[in-house]
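Take a look at the structure set out below.
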Amino acid sequence: MKWAKGLFLFVALLGAPRAIMAQTGRITGTVSDSGSGQGVPSATVSIVGTKLGASSGSDGRYSISGVPAGTVQVRVQRLGFAPRTR
């Protein structure tokens with residue numbers, strides 16, 4: 001029965017990364033100029049404390065996948081604009 005315990009441990013370890021990966025989501029939004037309301041292209045949008053990020057498109061829209069579950073802070077930066085963290 002020694003091999004059965006080893007097999008169970010092996011299967012349990014294989015299942016752990018899938019559980020962690022399943023606890024991610026996606027953040028989407030639009031970066032806009034607070035004065036004009038126009039979308040801001042080419043802004044860098046990142047999740048604080050991670051390496052996750054994206055650039056906004058020509059209309060200011062962005063999408064970031066693989067975001068960990070829970071509350072996160074999003075930081076937006078672009079040359080010529082004050083950076084913002086929310």
Side-chain angles (χ1 to χ4, degrees):
M1 289 298 216
K2 218 177 201 182
W3 66 271
K5 288 180 186 176
L7 180 61
F8 175 77
L9 180 60
F10 179 71
V11 171
L13 289 175
L14 282 179
R18 289 189 186 129
I20 292 169
M21 289 174 65
Q23 296 177 0
T24 62
R26 176 184 304 258
I27 293 179
T28 60
T30 303
V31 178
S32 59
D33 182 306
S34 61
S36 68
Q38 297 274 341
V40 177
S42 304
T44 301
V45 183
S46 58
I47 306 300
V48 176
T50 73
K51 293 182 180 183
L52 300 173
S55 291
S56 60
S58 59
D59 58 358
R61 292 184 186 190
Y62 67 91
S63 179
I64 303 172
S65 299
V67 179
T71 304
V72 297
Q73 287 187 312
V74 177
R75 182 159 181 85
V76 179
Q77 300 180 101
R78 184 168 190 274
L79 191 61
F81 290 83
R84 271 249 154 105
T85 303
R86 289 195 141 171

Q: Would you list the pairs meeting salt bridge (charged side-chain N to carboxylate O under 4.0 Å, His left out) in which at least one residue belongs to residues 36-48, sequence neighbours left out?
A: none
Q. In this structure, are over 12 heavy atoms from other groups packed under 6.0 Å from Arg78 atom CZ?
A. yes
Q) Does any pair with a residue in residues 27-36 pass side-chain hydrogen bond (donor to acceptor under 3.5 Å, both in side chains), and if so which ones, sequence neighbours excluded? A) none
Q | Over all atoms of both residues, closest heavy-atom pair of Ala54 and Ile64 | A | CB-CG1, 3.8 Å
Q: Answer yes or no: is there a side-chain heavy-atom contact under 4.5 Å between Val72 and Ile27?
A: yes
Q: Considering non-hydrogen atoms only, spot the tightest contact between Pro41 and Ser56 and give its length.
A: C-OG, 3.4 Å
Q: Please list, chain by chain and in numerical order, all residues satisfying side chain to side chain donor-acceptor pair (under 3.5 Å) with Thr85, sequence neighbours excluded.
A: Arg75
Q. Side chains of Ile47 and Val74: does their closest heavy-atom pair fall under 4.5 Å?
A. yes
**Q.** For the student: nearest non-hydrogen atoms of Leu52 and Gly66, plus distance
**A.** CD1-O, 3.3 Å
